[in-house]
Every structure is written in C-alpha cells, then in structure tokens.
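Data block below; observations after.
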Amino acid sequence: MLTADIPPNQTIYIKNLNEKIKKEELKRSLYALFSQYGRILDVVALKTPKLRGQAWVVFTELTAASNAFRQMQNFPFYDKPMRIQYAKSKSDCIAKDDGSYVPREKKKKQEEKAEKKRRAEEAQQYAMANGPGSQSNGGPKVPFHGNPNAQEAAPNSILFIQNLPHETTSVMLQLLFEQYPGFREVRMVDAKPGIAFVEYEDEDQSSTAMQHLQGFKITPQYPMAITFAKKGAPMNSQNKKKMQSLFSDSSSNPFDILTEEIVLKILDHLENDDASARKSFSLTCKTFYFIESRHRKILRPLRTELLPRVLHRYPFVSHLDLSLCPRVDDNTLNVISSTLKATLSSINLSRSRFFTNVGLSSLFVNCSSLVEVDLSNGTQLTDLAASAIAEAKNLERLRLARCKLITDMGIGCIAVGCRNLRLLCLKWCLRVGDLGVELIALKCKEIRSLDLSYLPITEKCLKSVLQLQYLEDLILEGCHGIDDDGLSTLEQSSKSLKMLNLSNCQNVTCVGLSSLTNGAEQLEQLILAYGSVVTADIAKCLHNFSKLQSIKLDGCLVTLSGIKAMASLNTSVKELSFSKCLGVTDEGLSLLVQSHKQLKKLDITCCRKITYTSIDSITNSCTSLTSLRMESCSLVPKEAFVLIGPRCPYLEDLDATDNEIDDKGLKSISRCSKLSILKLGICSNISDEGLAYVGSCCSMLKELDLYRSMAISDAGITAVADGCPALEMINIAYNDKVTDKSLTSLSKCSMLKELEIRGCPGVSSIGLSAIAMGCKQLTVLDIKKCFNIDDNGMLPLAQFSRNLKQINLSYCSVTDIGLVALASINSLQNMTILHLAGLTPNGLAAALLACRGLMKLKLHASFKPLLPRSFLEYMEAHGCVFHWRDKAFQKEMDPKGWNLHLGRSTSTELP
DNA sequence: AGCACA
C-alpha cells in the first residue's frame, strides 16, 4: 500500500526516528511532544532489528491523530525529521477497548498471511492467462483505480464497469451489453467518467455478459474491467435487523451495505467546493474515504510541499487551483504534469511565482487535455514561456494579464500553436501590439472573448479582430491608441458581438463608437465608463441594438440630451450604471426609468444632483428592481427611503452608504424580504430601532455594512445576529458603543466569513474568543485599533479559526506570544501588523517563519533593519511579498471623522 | 527503509 492510500487511523506511525535514543526516553519524549494534539492511549516503540527507528502513537480521537499527522510532519526530533503516516491497522489497546481484540498466535498468524498472499497471486496469474484481454498484451495497460475489494465481490445481477474511455456514452454501452440476454439498463455517473453500472435480470445472465465482454476495448488503450457490483441491500426486515446490530456493534461498518453506486450519487450531491462536507464524508469510513478520493475533481491545495502525496490521493483531479500557493517552482510543475497527465484540464497559476518556461513546457507537453490556463501576473514570464504555451494544442481559455515581458513574438507562437482558443486575456501585456493581436485574430478563429485592455494597439488590429465570426466579448478598456479617426476606417463590426467594453478610451466618442458597432446586431452590453461626454449622438449608435440589456457609463459626463436619447430607445434595458456621473438630474433620470420599466439593476452612486423626485420615479416605474446602489446621493432626503420598501419588493441589494436614511426608512426597506446586501455605512440617522426591523424581517441577509454608523449599539447588532443566520459579512468599524455583547451575539452566525471591527475600543479578547469559537468559517478579520484585544484573543483564534486568510491587527495589544500563536493557522495569507507595542523583532521573525503560506505582509519600516537579511530573503523565496509602511503612530483614531469624505480607510489600507 | 502491541 502506498503511503497516500493509507486511510486515517487514530494511531500514527512514525519513522526515521533517531535510533540512538533509548526506548524509554524515546517513548517519554514522543508522549510529551504529541500530547498537545489530544489524549494519548499508548506509545509503542521497539528496538528489534526490524522495528528500531519507528514508533506508534495511539490517540483517543482520530482528529487528534490527523492534526498530529499534518502538523508534525517532518518535525525535527532528536536531529532527524519525523516521517509520519497513519498506522496500517488498529492498535491492540483500541481493539481491547471496543471488544474486537483477538489475541494473536504469533507464528501461525504470519503463516496464514503469507498463504493468503500466495493464493491471491495465483488467482491473478490464472486470470491473466485466461482473460480475453490478455491474448495480445496481457491485460489492461492502464491501471484502473477501482474498488480494491472488487475481485472478492459476490455474484450480482449488476455489473460494475471500469477503465472506460471518458468519451463513452450510455448509448454505446447499451449497444454492447444488450447483446446478452436479460439486459435491463446502463447507468452512468455524471461526475465520474470512466465507470458505469449495467443491470441484468439475474446473476447468471450478468455473469455471461461479464465473461464475454471482459477486457473489451472501446478504444485501443482502454480494455474495460468488469466486476460484480458490490451488493446493495433492500430494506427487508432481515436487513433492518442487520442494520441495527451493525450500529450497536462499533467494530463493523454500517455503511458497507451501501453500493459504490449509491455512495457516488451521494457525493454528486455535495457541493464541489464545500471542503468541510467532503472532509466529513471521507472520514465516515474507509470505503467513503477511498471513494471520495476517486471522485474529487477540483483541488485547491494550501501547500505545494505536500502536492505529490495529495495528487496521489486524488488521481482524477481535473481542475487544479494553485492560487493559495505563492511558490510554485518548475519541480512542482513537473510533479503535476507527471501525475495528472491525462486528467488535468484546468490550472490556475495566477498567484504563483518561481516557475519558468521549463516547468511550463513540461506541463503543456504532458498534459494534453489542458483546456484552461491562468498565468496572469506572470511578470517574470518571457516569450520562452509563450512558446511553451504554444505546445498546449487543445487550450481554449488562456489568461495572461500583466505578463509584461511577453511580446508580439510570443503571442505569435501562441496564435500558431493554440488554434482552439476561445478566450484570451492579454490585459496589461504592454509589449503586445497590433502585430500580436492581428496574428491571434488570423489564426485563432474560434475566439469568443478577447480582453485587450491597456494594450498599445490601434484600429489596425481591430480590422482582423472584428472578422472573428464567433467573437462575443471584446474588451478594449484603456486602449488609448484607438480614436475616432482610426475607427472611421473600419467597415463592419463583428455580427456576433454581445459585449463591448470601451472604458477609459478617452479618444473615442459616439462617432467612433458607431463605426465600431456598425452591424453588431447581437449587442447586449455596452460599457463606456470614464470615457468622453455622452451626448444625444449616443442614440445614433444605440437604436440599432434590439437586444441591448445593459449600459454602463460610470464616471462619464452625461448630458440631458444624452439621457433623453437613451430614454427614447425602443428596447427596454435591464441594467444601467451611472456611478459618479456628472450631469445626472431628476428630469433625465425620471424620463429614463419611465421608458425602462424592466430595469433590474441601477447604480446612481454619487449622482449628487438627484433628489426625492428621482427616487419617487425609480420606485414607481421599476418595480422589479433587484439592485439599487445610491451611495452618497446627498440631496436625497430621508423621506425618499420610505418609498423603496413597498414599491420594490424584489430588492436584493441596497447601497445607501452616506445617506440620510433613518429608522423609518429602514422599517420600510425591511419589507424587502429577499434583501441580501445592505450597506449603511456613515448613516448617522439610523439606530438600533431600525436595525431591529432588519433583524426581524430580512432573514436572507448576507452582508451588512455599518461602518461609522455611530448611533447603533449592541441591541441593534444583536437583533441582526438573531434574525439573520445567513450573515457572511459585517462591518461595524469605528463604533464606540459596540462591546463584546455584539460579538457574542454575532458568534451565533456560523456562516460569518468577514468581520471588520476596526476602531471599536469597546470590544476585547473576550468577544473575539466568542467569535473564534462560533464562526469557524471566518476568513477575513480586521481588528485594527481594538486596543483591548490582546494575546488572550489570539489564542482562541489560533485554535478555532483555521480558515483565517487575512488579518489586520495594527495598534492592538497583541505581543510576540499572540502573534506566534496566530502563526499556527495554516491558511493565513495576508497580514497587516503595524504599531504593535509589545512586538519584538525576534518574536516577529519566529511567528513569520511558522506561517508558511504567507503571500503578503504589511510591516512598519522600522522593523526592516532589525530583521536579518537572510530571514527576509528566506521569506521572499517562499513567496511572501513585504510591504513596508512608515506612517507614524497615530494616537487618536480620527475622532472627528475627518476621513469620512476623503475616501474610506477600508479601501486604502486593506488589500 | 522498516507497520506492533512480548
């Protein structure tokens, strides 16, 4: 059995121990070392020639063993790194506990084992000599990973077929199996290609079919492997009894009565990305553990060091997301390409560095089924990398955003090599110009989506791009080389175009736009944010688009005639965005919403001219509105918010940040029972009374922002915590009325992922402990300037918040001790640690060395000279990026709210 | 490298 195949066991097996240590001392030290993970029942170590250097540690709990297994792997112990595995069998002291202990008769037992092995080998040889798949080349070429107990399965009218090529369909199998009498049906498992179940009327008939089709090759490389399916148990009274006795007898596994088919079906119903559900599933029993490992398709590992073993456990992974691994070197890519050769279809390397074209080349040459690759942020990648990409002949989706060294030459290679590209993102590839893009357009005829944002291109390459007959999405954001004159030379747009983004193209006006979109009859979405003035001319281009759904003009100057032109369109759009637009008035907006009554999403952030009138028109006309974003609409009075609740019952998302809304308004809005996102930052007119309405009516609420809404206190937060169990994000920053009571209430929200309590002096480590214990999904935490949070808050966080990715603890009272504890959280990626009075350079270094997945770290510049250079290099080599800040210590925390209208500190200081 | 309980 290979290491990765050994299922979890409450006993761990440790090898590579220092053989010079005396047995008793070794046992004592192991006991001391591993007690931190849980209660230990026994430590076994022997010094016989065969068993020296090894030991077993028996825990009372499986979870203790698995934590020890993970966390102490390679731990240096008496100068040698420990190699830990799960024990292969149950320890005697456990067996004695649960009554399954059978005293062994030493030699006899061993002989029996050997005998069994011999017999199994004989049987296999016999099968090899007689099976039909063997005539030419001796059995299946491709090892199939099926149920290891398959050969022992009793005859069954259902057959279990493995090692099928992935393109096999149920019709193909039916044609094959219906030739034999008694055929009933073929069943395939959607989420698991390569296997199928075929049912016959009885066991004789299924046996006949099995004999005839054993080893049949649908394609030359895949001889099918047929076994009897594991027996399922219909629920007659006899079985019920069996079930009951199984449950009362802990030594056998009640789940063994489920067939693999049923177990796979259960897995199909688990969310693919729900790690905890999958984990519980595989810890149910050995069979489940095994089946889950074959079913897993998506993997997002935390550590590349463990990748060889992880990939061995999950051989059918097709989607590998390495965005949590800052360091991925060529060696790692080699491991991936050799283990996932045939199965890998998608890989994300956008957050990883340290690999080169050599590793990429091995990846693309070996993994021929790769269809999707994200290499964004590969600022180190050159044209050599591009020519490696060109080996990926089947690539369909390629992202190269910010690969600034890749030139037209490299893109040319990709154009020639990857003819099946459907999506290509070249955003910020500053050395790619007309030539590269033209080559892509000429060679890659399948392109659907092309992102050319911020490229130094002109209309020259657009000629070819617009001839792509399947082009749907074209993104030309910030292409300053494109202007009206150039566009006027274009004759016809792409007929298939659905989305056009010309944001930040200041040299393009409605004139250029109409040349570019001439003939684009399928256009659904037009994004012209931060562009030139929107005038009546816009009507000229828009009136042709009968399918237009969405117009975004964020940051543009919009004239009244421009808005009138949009109001006179004969199509009804679903989405309009005017965030930060100058020129939006009550008159224009009212006209517009009256002619677009189907509107679902409207963004009028910072439209500072609109008043009650606009809100009245919007809510009157657009009753199916789901999203209304109106941050800082400073002339809208509080009375306007009362209109929203009764008129827009489908509202899911309301941004009323920095508005006059009061409790009456909140009462009205709480009638929107589908409300999921509610932003009430800097709303000083709302109080606990208003929040109580939200708490009692909006049970689907997921996000609540109360940043600097200073009138609220514990009672309001508690009402929300009690009434909104689905809450995932809450921001209560800069509120001096909030205390630990709020945090204790919020600890009941078990889905909470993001908590910001920056600048709340009333909360302490006690409240944070409650959060740590109750909110196990917590991923992002901001406790900056919570002066009363100290090391006592970090310890529970370290123990319970194992999913924490990001933390800001600047200005807290945390010291070396708290930080070192925090560092034990494996998932930590991003920390901001400024102005911690009790932090020493040594404590910081010790903590950081323990955080192996760190990607981004904000520290005060004064630490830089105090940390050894070699230490900084070590961290950087592991993928950590340091951000040195030198802002002076701020004693007061913006007591008068000076920052209020100068942009929010959240967005400038948190990444 | 190696899977036991004496």
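Numbers restart at 1 for each chain; the letters A, B, ... are given by sequence-line order, proteins then strands.
In this structure, the CD atom of A:Gln54 is 4 Å from the C1' atom of B:dG2, given to the nearest Å. Spacing between atom CD1 of A:Ile94 and atom P of B:dC5 amounts to 16 Å, rounded to whole angstrom units. What separates CD1 of A:Ile6 from P of B:dG2 is a distance of 10 Å, to the nearest Å. In this structure, A:Tyr13 atom OH and B:dC3 atom P are separated by 5 Å, rounded to whole Å. Taking atom CG of A:Asn9 as the reference point, atom C1' of B:dA4 lies 12 Å away to the nearest angstrom. Counting to the nearest Å, the P atom of B:dA4 and the CD1 atom of A:Ile12 are 17 Å from each other. Taking atom CG of A:Leu51 as the reference point, atom P of B:dA4 lies 6 Å away to the nearest angstrom. Atom CG of A:Asn16 and atom P of B:dG2 are 12 Å apart (whole Å).
Side-chain contact between A:Thr227 and A:Gln162: present, with at least one pair of heavy atoms (C-beta onward) separated by less than 4.5 Å.
For the residue pair A:Thr356/A:Asp330, the side-chain donor-acceptor check at 3.5 Å is satisfied.
Contact annotation for A:Tyr86: base contact, defined as any heavy-atom pair under 4.0 Å involving a base atom.
Below 30°, between 30° and 60°, or above 60°: for A:Tyr13 and A:Trp56 the angle between ring planes is between 30° and 60°, a tilted geometry.
Side-chain nitrogen and oxygen atoms of A:Lys50 include at least one within less than 4.0 Å of the OP1 or OP2 phosphate oxygen of B:dA4.
Projected onto DNA chain B by closest heavy-atom contact, A:Asp42 and A:Arg52 fall at different nucleotides, the more 5' of which corresponds to A:Arg52. In terms of position on DNA chain B, the residue among A:Thr48 and A:Glu19 whose nearest nucleotide sits closer to the 5' end is A:Glu19.
With distances taken from any side-chain atom of A:Lys23 to the nucleotides B:dC5, B:dA6, B:dG2, the minimum falls on B:dA6. Comparing B:dC5, B:dA6, B:dC3 against the side chain of A:Lys88 picks out B:dC3 as the nearest.
Between the side chain of A:Thr11 and the base of B:dA4, no donor-acceptor pair under 3.5 Å is found.
Of all the heavy atoms in A:Lys80 and A:Leu17, the pair that sits closest is NZ-O, 3.7 Å.
With rounding to the nearest 0.5 Å, the separation of CG in A:Leu363 from CG in A:Asn357 is 12.5 Å.
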